[in-house]
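First comes the structure, then the notes that go with it.
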Amino acid sequence: METDAAPERVTLALVAQEAGVSLSTISKVLNGRTDVSATTRARVEELLHRHGYERRGARAQPKAELIELVFHELDSVWSMELIGGVEAVAKEHGLSVVLTVSGSRHAPDPEWIEAVMRRRPVGVVLVFSDLAPEYRERLRSRAIPFVIVDPAGDPSPDAPSVGSANWSGGLMATRHLIELGHRRIAAITGPEDMMCSLARLDGLRSAMNSAGLEIRPEWIRFGDFHMSGGRDRARELLSSPDRPTAIFAGSDLQALGAIEAARELGLRVPEDVSIVGYDDIPLAQWLTPRLTTVHQPLRRMGEEAARLVIRLSEGSVGTTPRMDLATSLVVRDSTAPPATGS
């Protein structure tokens with residue numbers, strides 16, 4: 001027994017010596033205790049990783065039969081699609097889903113990592129742009145796999161993730177408007193610091209450039225993916241006498257806000273202004289007019305993320321997987337050729 005334990009103790013003693021802390025502090029870090037400063041914890045975690053330390057029996061320790069799904073905010077329409085996908089796969093495997101709301105759109109709060117270490121789920125699905133390296137190392141040390149669902153960012157290459165083809169979606173939406181005859185096309189994309197916003201906008205630019213059409217800087221607006229942001233940005237665009245004849249909105253909720261702004265200004269959709277959304281949430285087909293939009297397979301993204309995190313927990317995935325699901329254009333009633341003379 002003493003021989004079997006010696007290598008682990010020597011490793012931990014070495015880590016403690018290099019970190020300048022006691023073995024009890026090392027133990028606190030390994031067990032997810034909160035009474036360790038962030039600086040000390042980061043130093044210890046980095047040294048554990050450098051020495052290739054994985055807690056003996058981490059994979060054999062019992063885990064709660066659940067998948068943790070983490071958002072920075074819950075949108076009742078958009079989020080439910082992802083939740084439904086994760087829940088369906090979890091149910092197939094006899095697992096439950098715990099839902100957590102934490103942090104900003106870029107990363108969860110520090111308190112979350114402490115809590116998830118105590119819960120020890122089978123795996124974690126995160127709807128964030130990325131996960132900080134120190135969080136990844138702490139999850140790895142407990143053999144808790146994670147997958148990033150990526151409609152909202154550009155994860156690091158070593159982060160398992162499931163995303164969608166944002167650039168292609170922007171390209172398809174804009175080409176549809178061009179084929180209808182629109183030349184005066186504006187965009188209301190998402191936040192400027194989110195990769196999906198920029199990718200969708202790049203798709204629009206590629207379509208406009210390929211058609212030899214002018215991209216007017218004042219017609220490119222950054223929103224927040226919410227209805228209020230779409231309404232405010234569309235009101236700015238449509239209040240000018242020199243207004244666009246079509247708007248590509250970077251989310252269905254922003255498109256809904258743009259439709260509301262058009263109505264407030266006495267404009268008809270699609271007769272006076274065509275509007276294309278992005279996501280294809282269930283509400284899109286019940287709007288008046290029904291919304292032309294880019295279908296982002298949100299439910300399937302949730303399903304694939306849950307399947308992937310389960311495979312990772314079973315050790316059946318080799319290289320770091322990255323999955324990008326195809327988008328498609330759904331043409332409904334909110335787009336039409338521009339009025340004569342526009």
Side-chain angles (χ1 to χ4, degrees), residues 32 62-132 134-140 142-156 159-164 190 194-196 225-226 251-253 279-282 296-314 316-317 320-325:
K63 293 183 179 181
E65 294 187 348
L66 57 87
I67 293 174
E68 182 152 347
L69 176 58
V70 191
F71 291 87
H72 80 276
E73 66 177 355
L74 279 178
D75 180 281
S76 59
V77 180
W78 185 89
S79 303
M80 286 304 297
E81 291 295 295
L82 285 174
I83 293 170
V86 173
E87 283 186 329
V89 172
K91 186 176 181 180
E92 290 175 5
H93 291 80
L95 302 173
S96 299
V97 176
V98 60
L99 186 61
T100 301
V101 179
S102 175
S104 68
R105 61 178 174 260
H106 296 291
D109 287 328
E111 293 79 9
W112 168 77
I113 191 70
E114 306 293 345
V116 77
M117 302 297 270
R118 293 191 297 269
R119 285 190 287 270
R120 291 191 55 81
V122 168
V124 179
V125 175
L126 297 134
V127 189
F128 291 92
S129 299
D130 207 344
L131 189 63
E134 59 267 28
Y135 290 1
R136 295 187 213 171
E137 290 307 318
R138 295 190 65 187
L139 292 174
R140 183 199 63 81
R142 302 302 186 281
I144 301 174
F146 71 91
V147 173
I148 294 173
V149 176
D150 177 37
D154 186 24
S156 303
S161 61
V162 176
S164 69
M194 295 179 69
M195 289 299 296
C196 66
F225 287 143
H226 294 297
S251 73
D252 287 348
L253 293 179
D279 286 331
D280 195 24
I281 60 177
Q296 181 171 217
L298 294 168
R299 183 180 179 89
R300 190 181 161 210
M301 288 164 69
E303 292 173 348
E304 295 297 341
R307 291 191 182 101
L308 179 53
V309 84
I310 290 171
R311 292 201 305 272
L312 287 167
S313 73
E314 296 169 344
S316 57
V317 178
T320 302
R322 164 76 189 190
M323 182 182 300
D324 284 314
L325 304 181

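When side chains are defined from C-beta on, L126 does not count as touching Y135, because their heavy atoms never get closer than 4.5 Å. With contacts defined as side-chain heavy-atom distances shorter than 4.5 Å, the pair R119/T100 qualifies. A 4.5 Å side-chain heavy-atom check between V97 and I83 finds every atom pair outside the cut-off. Within the 4.5 Å cutoff, no side-chain heavy atoms of V149 are placed close to those of L298. Residues V124 and L131 form no side-chain contact, since every pair of their non-hydrogen atoms from C-beta on lies 4.5 Å or further apart. Residues V309 and P160 are not in side-chain contact: their nearest non-hydrogen atoms beyond the backbone lie 4.5 Å or more apart. Put simply, the side chain of V116 does not reach to within 4.5 Å of the side chain of F146, judged on heavy atoms. Looking only at side-chain heavy atoms (C-beta outward), H226 and E73 come within less than 4.5 Å of each other.
Rounding to the nearest 0.5 Å places OG of S161 at 7.0 Å from CG of D324. For the atom pair I67 CD1 and L99 CG, the distance stands at 12.5 Å (nearest 0.5 Å). With values rounded to the nearest 0.5 angstrom, I113 atom CD1 is found 11.0 Å from R118 atom CZ. How far CG of D279 is from CH2 of W78: 7.5 Å, rounded to the nearest 0.5 Å. Between the OG atom of S96 and the CD atom of E68 there is a distance of 12.5 Å, given to the nearest 0.5 Å. The line from CD of E303 to CD of E81 is 10.0 Å long, rounded to the nearest 0.5 Å.
With hydrogens and angles ignored, the 3.5 Å screen pairs no side-chain donor or acceptor of S79 with any backbone N or O of L74. With D280 contributing its side chain and Q296 its backbone, the two residues share no donor-acceptor pair below 3.5 Å.
Between S102 and E111, the side chains place no donor N or O within less than 3.5 Å of an acceptor N or O (distance only, hydrogens not considered).
Contact record, G302 with V86: O-CG2, 3.4 Å, taken as the closest heavy-atom pair. Considering all non-hydrogen atoms of both residues, M301 and S164 come closest at SD-CB, 4.1 Å. Here the closest heavy-atom approach between residue L69 and residue V127 is recorded as CD1-CG2, 4.1 Å.
Remark: E134 does not engage R138 in a salt bridge, criterion side-chain N to carboxylate O under 4.0 Å. Using a 4.0 Å cut-off between a side-chain N of Lys or Arg and a carboxylate O of Asp or Glu, R311 and E304 do not qualify as a salt bridge.
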ask   = Passes side-chain contact (heavy atoms from CB on, under 4.5 Å), L325 versus R300? Steps please.
value = CA-CA 9 Å; L325 304 181; R300 190 181 161 210; 3.6 Å; yes
query = Can you list the steps and then say if R140 with E137 is a salt bridge (charged side-chain N to carboxylate O under 4.0 Å, His left out)?
reply = CA-CA 5 Å; R140 183 199 63 81; E137 290 307 318; 2.9 Å; yes
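Ring pair H72/F128 is tilted by interplanar angle, where 30° to 60° counts as tilted.
Atom CD of E65 has 12 or fewer heavy atoms from other residues, nucleotides or ligands within 6.0 Å.
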